[in-house]
Amino acid sequence: ADCLDFVLQDQCDIIDKHTQSGLDLVEKYVKFVKERTEIEQNYAKQLRNLTKKYSPKRGSKEELECRFSNHQAFLDILNEMNDYAGQRELIAENMMINICIELTKYLQELKQERKTHLSEAKKAQQSLEGTYKQLDNSKKRFEREWREAEKAAQYAEKTDQDLNATKADVEKAKQQAHMRTHIAEECKNDYALQLQKYNKEQNQFYFTDMPLIFSRLQDMDERRIKKLAQGYILFADTERQVMPIIGKCLEGISRAGTNVNEKNDSVVLIEQHKSGFERPGDVEFEDYSQGINRASSDSSLGTPKGPLELLGKNRNKTFRLFNKKISCPPTVPFSTPPTPSPANGPPSPKFGRDPLSYCLKEINKTVKPRISSFRTLKRTSVDTEGFTHLPPEQRRKRLQQKIDDISKELQKEMDQSEALGKMKDVYEKNPQMGDPASLAPQITQTAQNMERLRGELNKYEVSFLNPVMPFEFCLHDQNFSCVLFSPGAISDDTDSSQAIYTEFDDDFEEEEVAAPIGQCTALYNFPGSSEGTISMQEGEVLSVVEEDKGDGWTRVRRNNGDEGYIPTSYATITLNK
């Protein structure tokens, strides 16, 4: 009765179409979730490619800049986005496994179950139709035989009343009528049996078999609906499960922004590039009026002035050799203004206490003295092993780092030597485990490595304990006399006239102009108002003559031959390969 309330008896086709429509909906939902997983996978892939694109390469300048909090924060954001991409991949994976695969497997089971139920219904219907056909045949046979029996009975009665008929004819007609009547009775009984059978089977079909089949189909469809509803809920739960981790990723991004410390970044930059040079002292006043009184007593050759006098006299002057301007860019303290300005250039540690130490290098590059001791003077290679080319503070840091690295390597060799010694003792006590002589090459090599590392460690420790003092020099206006001395080599009571100097001839030979090593494009305007600098306009293209040595300045040249220094951060630099 419940089943009959659900569907009508003759609406099996409706049940067939309805259940098929439900299976089609499950299949459609599976395809929908599959496309969603593809979107999530592509999204995650694009996020990973994006983070990889902006992640610094190993050993690159960007990786070195990660010591600053704002650079490290961006790196943290990239890492969080990479983890975020992993969560999107997890969403796609869980949806594929828990929804698509599960529902696809369940859909196949439902299809097979539905097919079985519909097949049973079809068989029951075919069986009922076959029984009805037998009933109809028995009915038609009964009807036909009964008519024949009636005809035979009428013929026998007619023959019996016929006076011309013989007795044999009458008997034959009666026998024929009796036989037909007997056959009609048998057909009647068969029809009654078939009718009883059909009615019973029909009752079984409509009240037992089909209701049971429809009930099973109803149960199957309700289970399908419930399973599909669970798939709908799981669609949301799958993403909801990773929301806490995604929230942590977003919190990590916010935390990265919070951890940025602009003051600390400034301190790190200053500490990283601190040269250790002292700032130049005040320029002393020179009383030229006293020189007028002494002019008559001075000799024609004149006594070359001491290096300290020359240093004070020429500290702020521009020196020219053969009409070539040799200028020294100033040391500008680090600051962080909101907009680019000439004052925010990095400090220039290459000039020592004053810019005159730089001018000595310019003489070496631009003139070629005739004195034999300086005839072969060339730009020598930088002593990178002892780091003497670096400013004092930078040199100290690099030496300390080198000492730490060598110490770690030496400790490894010592541990290996100790292990080899223990292994040798074991082999000597237990020859069956190995030959002690086989360890001799390794022990010898380890000892040599230890000796070499100890030598290198001692060399760098000596360099660390004995810092190289920067050289200074001064130029005499008339004689171009050059004096090299260490800042601590001349005491206060030393007569400046006793300083060692060397005179060069007046006619120097110019060196060839250094070939450009690249080009740069100005990002900002730079007035170049300080000594040694050169002005440039935004967008101007200049030739790079000397790249940045770590002090924040790059030497450039215009097409007209003017040279000078510009802040490295003010231009985009491209070096020749």
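Atoms considered below: every heavy atom in the structure, side chains included; atoms not considered: hydrogens, waters and symmetry mates.
- The side-chain hydrogen bond (donor to acceptor under 3.5 Å, both in side chains) test applied to Glu540 returns Arg558, not counting sequence neighbours.
- Here Glu40 pairs with Arg36 in a salt bridge; the nearest charged N to carboxylate O distance falls below 4.0 Å.
- Considering only residues two or more places apart in sequence or on other chains, Ser407 meets the side-chain contact (heavy atoms from CB on, under 4.5 Å) condition with Ile403, Leu457.
- Judged as a side-chain contact (heavy atoms from CB on, under 4.5 Å), and not counting sequence neighbours, the contacts of Glu428 are Lys424, Asp425, Pro436.
- A distance of 11.0 Å separates CD1 in Ile97 from CD1 in Ile99, rounded to the nearest 0.5 Å.
- The side-chain hydrogen bond (donor to acceptor under 3.5 Å, both in side chains) check on Gln401 picks up nothing, with sequence neighbours excluded.
- For the atom pair OG1 of Thr37 and CZ of Arg88, the computed distance is 12.5 Å after rounding to the nearest 0.5 Å.
- Under the rule for a side-chain hydrogen bond (donor to acceptor under 3.5 Å, both in side chains), the partners of Asp237 that lie at least two apart in sequence or sit in another chain are Arg240.
- Classified by interplanar angle (parallel below 30°, tilted 30° to 60°, perpendicular above 60°), the ring pair Tyr232/Tyr29 is perpendicular.
- Contacts classified as side-chain hydrogen bond (donor to acceptor under 3.5 Å, both in side chains) and involving residues 73-83 (residues at least two apart or in different chains) are given here: Arg48-Asn82, Gln72-Asp76.
- Legend: residues meeting side-chain hydrogen bond (donor to acceptor under 3.5 Å, both in side chains) with Ser69, ordered by chain and number and at least two apart, are Asp265.
- Take Gln46 and apply the side-chain contact (heavy atoms from CB on, under 4.5 Å) test, not counting sequence neighbours, and it matches no residue.
- Note that CD of Gln87 and CG of Asn94 are 9.5 Å apart. Values are rounded to the nearest 0.5 Å.
- The salt bridge (charged side-chain N to carboxylate O under 4.0 Å, His left out) test applied to Arg452 returns Glu456, not counting sequence neighbours.
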Apply side-chain contact (heavy atoms from CB on, under 4.5 Å) to residues Phe74 and Asn70 and explain how you reach the verdict.
CA-CA 6 Å; Phe74 181 62; Asn70 58 98; over 6 Å; no

Go through the steps for Tyr427 and Asp435 under the test side-chain contact (heavy atoms from CB on, under 4.5 Å), then give the verdict.
CA-CA 6 Å; Tyr427 286 176; Asp435 183 12; 5.9 Å; no

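- Surrounding OH of Tyr54 are at most 12 heavy atoms belonging to other residues, nucleotides or ligands under 6.0 Å away.
- Within 6.0 Å of the CG atom in Asn559, the count of heavy atoms belonging to other residues, nucleotides or ligands does not exceed 12.
- When the salt bridge (charged side-chain N to carboxylate O under 4.0 Å, His left out) test is applied to Arg557, the partners found at least two apart in sequence or on another chain are Glu563.
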Output a table of donor-acceptor pairs, distance under 3.5 Å, between side-chain atoms of residues 410-422 and any protein atom two or more places apart or on a different chain; print 'none' if there are none.
unit_1, atom_1, unit_2, atom_2, d
Gln411, NE2, Asp415, OD1, 3.0

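- Using modelled atom types, one finds no donor on one side chain facing an acceptor on the other under 3.5 Å when comparing Thr572 with Thr521.
- Checked by atom type and distance alone, the side chain of Thr238 never pairs as donor or acceptor with a backbone atom of Ile91 at under 3.5 Å.
- Between the side chains of Glu38 and Asn42, no donor-acceptor pair is found at a separation under 3.5 Å.
- Asn458 contributes no side-chain N or O that, together with a main-chain N or O of Arg454, makes up a donor-acceptor pair within less than 3.5 Å.
- The side-chain contact (heavy atoms from CB on, under 4.5 Å) search around Gln519 returns Val541, not counting sequence neighbours.
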